[in-house]
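Each remark here refers to the structure printed beneath this line.
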Amino acid sequence: MSEEIETKRIKITAPGLIEKKARGEKIVMLTAYDYPAARLADRAGVDVILVGDTVGIMSLGEKTTIPVTMEQILHHVKAVRQGVRFSLLLADMPFGSYQISVEEALRNATALIKEGGAHAVKLEGGRPVLESIRRMTEAGIPVVGHLGLTPQSYHTFGGNKVQGKDEAAATQLLEDALALEKAGAFALVLELIPASLATQVSQSLSIPTIGIGAGSGCDGQVQVWNDILGIYPGKPLRHTKVYAEIGEATERAIRAFADETRAGHFPTEENSL
Ligand code: KIV
């Protein structure tokens, strides 16, 4: 992005995202787990940079998001904040950091804002987290909800399965969404639910919905850094799109460096002092 465009950019805020929905402007959210990624995402004009608990899978080699700790999220939030200028920095609350008591939830959310430098926090679930959201909002902490497939409930769901498929589950999800908005959430992530349900939820709320695997009727979309850049081994998931094969390009570059070093072609005189 050119310097001129950069200076015209407005800092993204929680109320600003609600205004974007009202104006019918789509919201872009992307995960980032370190300083260079945050800098690139911010320069590329991403509205919300999410330090997701997917950091456990994408950067720390875990199988699920469940083992991620507050210390780990804080560590990555602090790195990401160094690269953020205009985007809203959203920190995920890891499993166990908000389920035990409202007080603990408030303490951990406070740490993510105060110590980590996040601008808002995200937590998963419906009714069980309403009181925590109320208290955080009262304390001046902007909160994003997360419904549908909530990966921290991996063992309860028996895997990463599409949610809200039958009528009862869809009704429950819509009620939860309305309750989260009423409790003070300023946005809602909808993960892996039928597109028709996501559209219905989006049309029922004044706060924006950000979908992942939830169709085009949401007010914005969120993707995982590694997924859109092809940096993760294995087949891409249906709800992601690989925009650049950075994983392959990185491996090719590393092989070229190794080959040239072994062949004595690197460094050349140009690379020498
Ligand atoms: O942790 C994460 O990256 C997320 C997104 C998939 C929404 O919660």
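Just follow the structure's listing: the first ligand is 1, and inside any ligand the first atom is 1. In this chain, numbering begins with 1 at the start of the sequence shown.
- Of all non-hydrogen atoms in Asp92 and Leu112, the two that sit nearest each other are O-CD1, 4.0 Å.
- For ligand 1, the atoms lying closer than 4.0 Å to a non-hydrogen atom of Thr31 are 3 (O).
- Checked for salt-bridge contact, Glu103 and Arg107 miss the test: no charged N lies under 4.0 Å from a carboxylate O.
- A donor-acceptor pair under 3.5 Å is absent between the side-chain atoms of His239 and the main chain of Ile212, judged by distance alone.
- Contact record, Val80 with Asp34: CG2-N, 3.5 Å, taken as the closest heavy-atom pair.
- Between Tyr35 and Gly83, the closest heavy-atom pair is CD1-N, 3.5 Å.
- One option in Leu50, Val189, Thr54, Leu90 has a heavy atom closer to atom 5 (C) of ligand 1 than any other, and that option is Leu50.
- Without hydrogens or angle criteria, Glu104 side chain to Ser101 main chain gives no donor-acceptor distance under 3.5 Å.
- Checked against a 3.5 angstrom limit, the closest N/O atoms of Asp92 and ligand 1 fall inside it.
- Linking ILVMFWY residues whenever their side-chain heavy atoms come closer than 4.5 Å, directly or via other members, places Val48 and Ile228 in the same cluster.
- Those atoms of ligand 1 that come under 4.0 Å of a heavy atom in His146, given as number and element, are 8 (O).
- Residue-ligand proximity: Glu124 is placed with every non-hydrogen atom at 4.0 Å or more from ligand 1.
- Between Gln223 and ligand 1 there is no heavy-atom distance shorter than 4.0 Å.
- Heavy atoms of Lys122 found under 4.0 angstrom from ligand 1 belong exclusively to the side chain.
- Looking at Val55 against ligand 1, nothing comes within 4.0 Å, counting heavy atoms.
- In summary, the atoms of ligand 1 found under 4.0 Å from a heavy atom of Gly52, numbered by their order in the structure, are 1 (O), 2 (C), 3 (O).
- Selection from Thr150, Val51, Asp53 by nearest heavy atom to atom 1 (O) of ligand 1 gives Asp53.
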